Protein chains: 2
Amino acid sequence: MQASNDIRARLLDAAEALFDRHGFTATGMDRLTSAAGISSRTLYKHVGSKNGLMAAVLQARDRRFRRRVDVASVDAFFAALETWFAEEGARGCLFLRTWRETGGDVPEIAEAMSRHKAFMQETIGELVVSEIGSRDEALADEILVLFEGMVHAYTYRGEAMASAARRAVHTLVSAARAREPKTE
Amino acid sequence: MQASNDIRARLLDAAEALFDRHGFTATGMDRLTSAAGISSRTLYKHVGSKNGLMAAVLQARDRRFRRRVDVASVDAFFAALETWFAEEGARGCLFLRTWRETGGDVPEIAEAMSRHKAFMQETIGELVVSEIGSRDEALADEILVLFEGMVHAYTYRGEAMASAARRAVHTLVSAARAREPKTE
DNA sequence: GATTGTGTAAAGTGATCGTTTTACATTGGT
DNA sequence: ACCAATGTAAAACGATCACTTTACACAATC
C-alpha cells in the first residue's frame with residue numbers, strides 16, 4: 001500500500017510535468033511510463049486510461065494549487081500566484097489547456113476544469129468580502145479576469161504581467177472601496 | 001491561379017475551424033483534406049506540412065483579427081472583441097493554445113504567436129495614447145492583462161467576463177487620467 | 001507452504017499518425 | 001496538337017498511437 005502510494009505519486013508527478021511541458025495529446029504513454037519508471041501494465045492498473053491519468057493529474061494539481069492560494073488578502077493571492085510562477089514556470093492554465101486540447105469532449109477532464117474554476121471564483125469572491133466588507137460579484141468578476149489574464153499573459157511577457165495585474169487589482173479594489181465604503 | 005486561391009482559402013477556412021474546435025494535434029490530415037474537399041497531395045503542394053498549414057492558418061487569422069480591432073478607443077476595442085466572440089464563439093487564443101500544444105518547439109508557430117502578441121501590445125499602447133494623451137506602458141500592460149483575461153475567462157464564464165473586463169478597463173483608464181491629466 | 005496481490009519486461013493488438021508515391025484526368029497557353 | 005501545370009483517388013510508407021496480453025518474479029497473508 002505504501003509502495004502503491006509511492007508509485008502513484010511518482011506517476012502523477014512525472015505525468016504532470018510532461019503534460020504541462022509538451023501537451024496532453026503530444027505526450028505518448030511510453031514517455032509517461034519510462035519517466036515514471038513503471039510498466040504500462042501498472043499504469044493502467046492505477047489510472048485506467050490516458051484520460052483517467054490526466055483527470056488524476058488535474059485533481060492533484062488542483063489540491064496543490066488550493067493550498068498555495070489559501071491566503072487572507074487579494075494582494076497576497078496575486079503574490080502567491082507570482083511565487084508559483086517563479087518556482088514552477090508559467091505555461092498557462094493546465095485545466096483550460098487540456099480541456100480545449102480535447103475539444104471539451106472528455107467528461108472527466110471537463111469536470112476537473114469546472115471544479116477548479118468554480119473554486120477560483122468562490123475563492124476570489126471570499127477575498128473580496130474580506131477586502132470590501134461585503135459581497136461584490138462585479139468586483140470579483142473583474143479580479144477573475146485579471147487573474148486569468150495574468151496566468152496567460154505571463155507565459156509570453158513574464159513578470160511584467162504580474163506587476164501589472166497587481167497594480168490593476170489595487171486600483172480596482174480602491175475604486176470599489178470609494179464607491180461603497182461599508183467598512184471604514 | 002484563381003482556382004488555386006479558392007483552394008487555399010477553402011483549406012485555411014476548414015483547417016482553422018477544425019484546429020480551433022478540436023485542437024491542433026488531435027486533428028488528423030484526413031479530417032482536414034475531406035473537410036476542405038481536396039486531396040492530400042494538393043494540401044502538401046500548398047502548405048508543405050501540417051506545421052506549415054497551422055502557420056498559414058495563424059497568419060490568416062491574425063490578418064482577420066487585425067481588421068476587427070482596428071478601432072479608435074479602448075472601449076471600442078473591447079466591444080470589437082465581444083462581437084467577435086458572439087459571432088464566432090470563444091475557445092481561447094488559438095495562437096497561445098497552438099504554441100503550448102506544440103511545447104513551443106515549432107519555430108513557425110512560435111513566430112506566428114510572437115508576431116500576433118507583439119501587434120496586440122503595440123495596438124493597446126496606441127489606444128492608450130489616444131485615451132490618455134501620452135504613452136503609458138504601465139496602463140497598457142494592465143489593459144493587456146485584462147484583454148488576455150477576457151479572452152480566456154470568456155471560454156468558461158461567457159458574456160459576464162466581457163462586461164467585467166469593460167468595467168475594469170474603464171476604472172483603470174479613469175484612474176490613469178486622474179493621476180496624469182495631460183489632456184483635460 | 002500454497003495462494004493472492006502487485007510489480008516488471010516485452011511482445012502484440014489494430015488503428016491512426018503525417019507524409020510520399022503511383023497512376024491518371026483535366027485544363028490553359030504556345 | 002502538345003506540353004506543363006494542377007488537380008484527384010488511392011495505395012503504401014514506416015512510425016507511433018492507446019491499450020492488452022503473455023510470461024514471470026517477489027512479496028505478504030492465511
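In what follows, every chain begins at residue 1, and chains take the letters A, B, ... in the order their sequences are listed. If you're wondering where the values come from, they're calculated on a predicted model, not measured in any experiment.
Two residues are said to be in side-chain contact when any heavy atoms from C-beta on lie closer than 4.5 Å; Phe147(B) and Val69(B) fail this criterion. Looking only at side-chain heavy atoms (C-beta outward), Arg97(B) and Phe19(B) stay at 4.5 Å or farther from each other.
The nucleotide whose nearest atom lies closest to any side-chain atom of Ser39(A) is, among dA9(C), dG18(C), dA18(D), dA9(C).
Atom CG of Leu11(B) is separated from atom P of dG7(D) by 11 Å (rounded to the nearest Å). Atom pair Leu32(B):CG and dC17(C):P shows a separation of 10 Å (rounding to whole Å applied). Protein atom CE of Met29(B) is 12 Å distant from nucleotide atom C1' of dT20(C), rounded to whole Å. Here the P atom of nucleotide dG7(C) and the CG atom of Leu43(A) are 11 Å apart, to the nearest Å. We find that OH of Tyr44(B) is positioned 13 Å from C1' of dT21(C), with the value rounded to whole Å. Atom CZ in Phe24(B) sits about 12 Å away from atom C1' in dC17(C), given to the nearest Å. In this structure, CG of Asn51(A) is placed 10 Å from P of dA18(D), rounded to the nearest angstrom. Going from atom CD1 of Ile38(A) over to atom C1' of dG7(C) covers 10 Å, rounded to whole Å.
Side chain Thr42(B) to base dT8(D): no donor-acceptor pair is found below 3.5 Å. The base of dT16(C) lies outside donor-acceptor range of the side chain of Arg31(B), with no N or O pair under 3.5 Å. One cannot find a donor-acceptor pair under 3.5 Å joining the base of dT19(C) and the side-chain atoms of Arg41(B).
In summary, the side chains of Glu148(A) and Tyr156(B) do present a donor paired with an acceptor at a separation below 3.5 Å, with no hydrogens or angles considered.
In this structure, Thr83(A) contributes its side chain and Ala79(A) its backbone to a donor-acceptor pair below 3.5 Å.
Using a 4.0 Å heavy-atom criterion, one finds that Ser49(B) contacts the sugar-phosphate atoms exclusively. Ser34(B) comes within 4.0 angstrom of no nucleic acid atom, judged by non-hydrogen atoms across all strands. Within 4.0 Å (heavy atoms only), Gly52(A) reaches no atom of the nucleic acid at all.
Electrostatic pairing of Asp136(B) and Arg177(B) does not count as a salt bridge here, judged by no charged N lying under 4.0 Å from a carboxylate O. Taking the charged nitrogens against the carboxylate oxygens, Arg167(A) and Asp141(B) have no contact shorter than 4.0 Å, which rules out a salt bridge. For Asp62(A) and Arg66(A), the salt-bridge test passes: some basic side-chain N is under 4.0 Å from an acidic carboxylate O.
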Each base of DNA chain D marked ( ) or [ ] if paired in-strand (Watson-Crick or G-U under 3.5 Å), | if paired to another strand and . if unpaired gives |.||||||||||.||||.||||||||||||

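Residues Lys45(A) and Ser40(A) each lie close to DNA chain C; by heavy-atom proximity, the contact nearer the 5' end of the strand is made by Lys45(A).
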